[in-house]
Amino acid sequence: MGERLDELCETAADEQENGRSKKSRHARRWALLVVVLSVAALAWSCVFHGNLTRKPVGFLTTNDAVIALRLGGGRTTAGDDKPYYDGWIVLLDAQGRGQVASVDEINGGDVLWSDRGVFYGSPSQDYVTTDSGTQQTTWQFTRRGDVQRYALPDGALVAVRRESNDYHIGTLFPDGTHASVETEGVGRGIGQCGGRIVAITTTEKSESIKSAAFEAYAAQFGGGDMPEALMVVVQLTDHDGDTPPVLAVAPMIDGLSSRQRMFDCEGDVITMPSVREDEDDASSSGVESERRGLVLQRWDLSAGQRTIVPVVDEAGNPIDLDEGQGVSDYEAIRVGNEYRFVSWGGDAFAVDPVSGQGRYLFSLDTPTYGPDGYLATFQLSESGVYALKDRSADRVVTLSYRPWEGGEWRDIFTTRDLAYYLNEGYISSALDIQSFALRPGWDGGAQ
């Protein structure tokens, strides 16, 4: 009898266990189906081209990436009544492998890699990508031109966008909040000095600040004859109203030109390499001057004044620039007491901002025009210069490095995987590499 009871209990237990097993198997099937659908959805959004994986921007992480690229400039009419600018963000490791995501409708797209992560955006949104994911901030505005991005000493991130002559300055604070300010009619010489973003413009280009600029000049230099036009430094961040505060003024000088997005800053003094044409040579010949000298504009914001410092070599001779050299749109870094910079054309210089003593260092050793030419963008470290070269013929991209002192250019990696996006491979016309940034602390070229 006891044995029979044991058999009945075992049978009942088996039946109960089998019932649960059937239910468990049913639940597992549904769970598996959900997983399969999720994987399929992700796979649908992730497309592979060589060593690049295309993902939605929200799925990007920095992980092993050491450089971030911003692709832009292509025009497409897909799904819209008028052309808009197509753009992409790319994260690559030291072998040229990585991820790419669409970040649409931006022209002149800039990218910054700070301690907070990779900072980039579209006309009305900003993104910060880190090892753990991507955060997004949406603005109540639209500006299709991306000018520059900055990291302030307090950890805030600033994006400067422009459309026509109107600027939008958006600030993302470390606590997750954000704020913005609009500024109208400001020139293209924009840069950072400490916790402030400033711009250098003229009263001819910026009618909105003309009255305030001449009032500041009269207060500083007294009455009497007034210049016809002024150069003006204005502050773009932390101000109320449509007119930005005037920080410094000086008479406008014919033949003095510069177009920058960064300045050397020490205390309240900003220094900006510029080009000055020889006015005497131009007036005597009646044609445009062929002599173009390298000079420094030094603006003391505490005094509100400017000085012009000629850049000279060790022998005291002026450093003249030939027809192919320039200093516009440079990338720069402070190394010791020198401000070292590379112009958009690949010409490298070093100057002492106080004394004006300078040196020509080297140039990019590849052609920038023609079917065999390269489009190049630059990033700098204390040890040397990184050049990201995009070959026009086949859109092969190479990351190269050269030390500041001695040595030659050497390649870190070369990839063909970006050609799909650069050479009319998607829905837009051909794109360009408009900006790239290095991971903070990574200096692989020097190793």
Side-chain angles (χ1 to χ4, degrees), residues 147-154 156-162 165-171 179-223 226-253 256-274 276 295-309 327-328 330 332 334 339 341 353-354 356:
V147 178
Q148 188 75 350
R149 291 168 182 267
Y150 304 93
L152 303 187
D154 62 0
L157 300 175
V158 177
V160 181
R161 294 178 175 85
R162 181 184 66 186
N165 290 323
D166 298 337
Y167 281 79
H168 184 278
I169 315 297
T171 303
S180 63
V181 62
E182 295 278 354
T183 303
E184 297 181 356
V186 178
R188 296 190 63 181
I190 293 178
Q192 175 184 355
C193 190
R196 296 181 290 189
I197 306 301
V198 302
I200 299 178
T201 184
T202 69
T203 52
E204 291 182 341
K205 295 180 180 178
S206 304
E207 287 287 334
S208 62
I209 64 171
K210 192 171 185 177
S211 175
F214 277 101
E215 287 179 7
Y217 186 85
Q220 184 175 147
F221 299 100
M226 297 288 285
E228 293 184 4
L230 297 174
M231 292 191 71
V232 190
V233 181
V234 295
Q235 181 169 323
L236 300 184
T237 49
D238 300 326
H239 71 84
D240 297 324
D242 296 331
T243 303
V246 173
L247 303 179
V249 293
M252 196 172 81
I253 299 176
L256 180 66
S257 62
S258 186
R259 188 180 64 193
Q260 314 301 351
R261 298 171 297 167
M262 58 196 314
F263 310 136
D264 180 56
C265 173
E266 189 170 15
D268 286 325
V269 178
I270 60 177
T271 302
M272 181 173 64
S274 305
R276 185 173 185 179
V295 300
L296 302 178
Q297 293 188 55
R298 284 177 59 82
W299 292 88
D300 187 341
L301 303 184
S302 62
Q305 298 179 356
R306 178 201 64 194
T307 56
I308 303 295
V309 180
V327 299
S328 293
Y330 61 68
R334 190 71 179 260
Y339 192 49
F341 58 95
V354 178

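The shown structure was predicted, so the numbers you read here are calculated from the model rather than taken from an experiment.
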Show, in sequence, the C-alpha distance, side-chain angles and deciding distance for L256 and M231, and conclude whether the side-chain contact (heavy atoms from CB on, under 4.5 Å) test is met. CA-CA 11 Å; L256 180 66; M231 292 191 71; 4.3 Å; yes
Which value, rounded to the nearest 0.5 Å, describes the distance between Y330 atom OH and Q260 atom CD?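 CD of Q260 is found 4.5 Å from OH of Y330.
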Separation of S257 OG from R259 CZ (nearest 0.5 Å):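 Those atoms lie 9.5 Å apart.
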Give a yes or no on whether the backbone of [Y] and the side-chain of [X] come within a donor-acceptor separation of less than 3.5 Å.
{"X": "Y339", "Y": "D264", "answer": "yes"}
{"X": "S258", "Y": "P273", "answer": "yes"}
{"X": "S274", "Y": "M272", "answer": "yes"}
{"X": "T237", "Y": "I197", "answer": "yes"}
{"X": "T203", "Y": "K210", "answer": "no"}
{"X": "E204", "Y": "E228", "answer": "no"}

For [X] against [Y], the heavy-atom pair lying closest together:
{"X": "T201", "Y": "S206", "value": "OG1-OG, 2.7 Å"}
{"X": "G356", "Y": "V309", "value": "CA-CG1, 3.8 Å"}
{"X": "V249", "Y": "A213", "value": "CG1-O, 3.7 Å"}
{"X": "P244", "Y": "V234", "value": "CG-CB, 3.9 Å"}
{"X": "R298", "Y": "V354", "value": "NH1-N, 4.1 Å"}
{"X": "I270", "Y": "C193", "value": "CG2-SG, 3.3 Å"}

Would a 4.5 Å heavy-atom cut-off, applied to side chains only, mark [X] and [Y] as touching?
{"X": "Q297", "Y": "I308", "answer": "yes"}
{"X": "M252", "Y": "P227", "answer": "no"}
{"X": "Y150", "Y": "I169", "answer": "no"}
{"X": "I200", "Y": "R306", "answer": "no"}
{"X": "R196", "Y": "L301", "answer": "yes"}
{"X": "Q192", "Y": "P153", "answer": "yes"}
{"X": "I190", "Y": "Q148", "answer": "no"}
{"X": "W299", "Y": "L247", "answer": "no"}

Taking atom CD of E266 as the centre, report whether more than 12 heavy atoms of other residues, nucleotides or ligands fall under 6.0 Å from it.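 At most 12 heavy atoms, drawn from other residues, nucleotides or ligands, come within 6.0 Å of this atom.
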Check step by step if side-chain contact (heavy atoms from CB on, under 4.5 Å) holds for L157 and R149. CA-CA 7 Å; L157 300 175; R149 291 168 182 267; over 6 Å; no
